[in-house]
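One structure is given below, encoded as structure tokens.
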There are 2 protein chains.
Amino acid sequence: MSGFQRYKKILDLFSEERSSWTVLEISKSLKTPTSTIYRIVREMVTAEFLESASGSYFRLGPAFIKFNRIINFSDPLVRAGQPFLKKLANENPITSVNVLARLYGNNVMCVADYKSPSFKKNTSYQRGKLMPLIYGATSRAIIIQITGKRLENLINLENFKSDEDKTNFLKELKSDRKKGYCFTEGQVDKGLIGFAVSISNKKLGIVASLSSIFNLDDFLLEHEPIIYANLTTYGLLVEKYINEIFDDIQKYHHETKSIR
Amino acid sequence: MSGFQRYKKILDLFSEERSSWTVLEISKSLKTPTSTIYRIVREMVTAEFLESASGSYFRLGPAFIKFNRIINFSDPLVRAGQPFLKKLANENPITSVNVLARLYGNNVMCVADYKSPSFKKNTSYQRGKLMPLIYGATSRAIIIQITGKRLENLINLENFKSDEDKTNFLKELKSDRKKGYCFTEGQVDKGLIGFAVSISNKKLGIVASLSSIFNLDDFLLEHEPIIYANLTTYGLLVEKYINEIFDDIQKYHHETKSIR
DNA sequence: AATTAAATTATCAAATAATGATAATATCTT
DNA sequence: AAGATATTATCATTATTTGATAATTTAATT
């Protein structure tokens, strides 16, 4: 354990399911002496990346809230896409969850979401949530943008039930890439269906998707064209805004550079 | 520069105003050779705490979104308070911004906020935003909970305009502590007024506040009793829920411990 | 397509920091 | 107030970071 890994390994223990740990537990889990863990934890508490809770437990610290906010106000994808999610929800013919997602390591992460107030079910689509790479339209519209060696590497990390499943997946990937949009049914949450389009910006290295998730029970075939029309329109709008934001950033950096 | 500081110093460069940096810029700013910064930045990119953007710029990475989400779903204060903010907004007699805030290092940080849809002005009260310690009711209701040496240290870090200002502040602090609630006018944003009550939980180490912010123009004296009644009621409710969540956590840890 | 500039990675000896076993305090519990 | 648990301090040993420089890759320009 060295470098940033040393800290990351501790942070990675914290999850929604298990959000507080004692030094002893961390020590056992990482097979590292308590004296070492105490030292590292203390450092991270000072930096507000951890904070001490009651009963000698520690939990994630407020630094994450702070930096998350900065991302919210500055990340081009979030900035460009966030404001459209509500509009998309309002224009969809039935109640929906609308999601901006992007590639995060070997997974897909939701970076913004808007649920219509009338949408009842709890869904897996919430900001910050990691989604499986090979299931759901949200992820599909992202992975169709990846090709060659990179795609191969990503796919090889996944556990398909069978070789047939894998070939099927690759086949669907190919056809969806041609179509330019994706549809899946019940792959992430039972009873839900998803529609998605790709969002990308080469210069900014953005590989993302915009998707709408509906209750299967609400869905009628006649809704389909409207759903696709909405997604395509807003997808293009988001890409346009990303470009504008990119230009702003360029300009800003140019200015601050010439001042010096 | 050693330990976690090494990484933190780089992260601390990133702000809402300046959200992307090149290695060269970081290197100059921290007076550290580029080769060293390249190595550290690479580590943090691997860990997804930074990510490379276009034009050899780097920005904050998605790890913050992920951990922020975990906090959202697990932090007792956020979990307990978040759901009440909307209710509080709906029950307030005039349009409002409602905020949960807590002590963060030597500042106050907003950890959850809900703005009535009809509230027009942009305010400083947004989740993740650091607030000044000595201005605004939101902060006041927090700092009145602090006493003795700790208070002295915090106060000494602040720049008061004059010694008179300082004595006044301390006097107000004392009287607000007695009253149990706070009111300020235009201290953070011009044209806005704030009301706040304290939220605390000793066992969990929570030192926080619940506040409602209004447009001065909307405000009539007859609103005051309702505003205070709402804040007090919801403040107590939040504290009650924090306690319940605390008990849940206790129980959970007890179970997982006995399983082992 | 070739050339040049800029960005990024690799190398390695010297300097510095982390480790972990143990001892010393501090804090909480009963 | 005693006992248990949590946390900090110490320090010789071991391991890692540093930063100047060279090598390589990538992007920009001609």
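Proteins come first, then strands; the chains are lettered A, B, ... in the order of their sequence lines, and each starts at number 1. Computed from a predicted model, the values in this text were never measured in an experiment.
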Rounded to the nearest angstrom, tell me the gap between atom [atom1] in [X] and atom [atom2] in [N].
X	N	atom1	atom2	answer
I10(B)	dT17(D)	CD1	P	13 Å
F4(A)	dT16(D)	CZ	P	18 Å
I40(B)	dA17(C)	CD1	P	13 Å
K28(A)	dG20(C)	NZ	C1'	18 Å
Q5(A)	dT16(D)	CD	P	13 Å
L24(B)	dA27(D)	CG	C1'	16 Å
K203(B)	dC28(C)	NZ	P	14 Å
I37(B)	dA20(D)	CD1	P	12 Å

Take W21(A) and F58(A), measure what side-chain contact (heavy atoms from CB on, under 4.5 Å) needs, and give me the verdict at the end.
-> CA-CA 5 Å; W21(A) 290 74; F58(A) 291 87; 5.7 Å; no

Which part of the nucleic acid does T34(A) contact within heavy-atom distance under 4.0 Å: base, sugar-phosphate only, or nothing?
->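 Nothing: the residue T34(A), judged by heavy atoms under 4.0 Å, touches no strand.
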
Can the ring centres of F49(B) and Y7(B) be said to be less than 6.0 Å apart?
->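 No, too far apart.
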
Hey, do the aromatic rings of F160(A) and F169(A) have their centres closer than 6.0 Å?
->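 Aromatic pair counts; centres sit under 6.0 Å.
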
Any side-chain N or O of [X] under 4.0 Å from OP1/OP2 of [N]?
X	N	result
T36(A)	dT19(C)	no
R6(B)	dA18(C)	no
R42(B)	dT9(C)	yes
S56(B)	dA7(C)	yes
R39(A)	dT19(C)	yes
Y38(A)	dT8(D)	no

Salt bridge flag under 4.0 Å for residues R6(A) and E43(B) |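 Here R6(A) does not pair with E43(B) in a salt bridge, since their nearest N and O are not under 4.0 Å apart.
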
Decide, yes or no, whether a salt bridge links D12(A) with K9(A) under the criterion of side-chain N to carboxylate O below 4.0 Å.
-> no

Judged by nearest nucleotide, the residue sitting upstream toward the 5' end of DNA chain D, V23(A) or T32(B), is V23(A)

Would you indicate which nucleotide in dT16(D), dT8(C), dA17(C) comes nearest to any side-chain atom of S2(B)?
->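 That would be dA17(C).
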
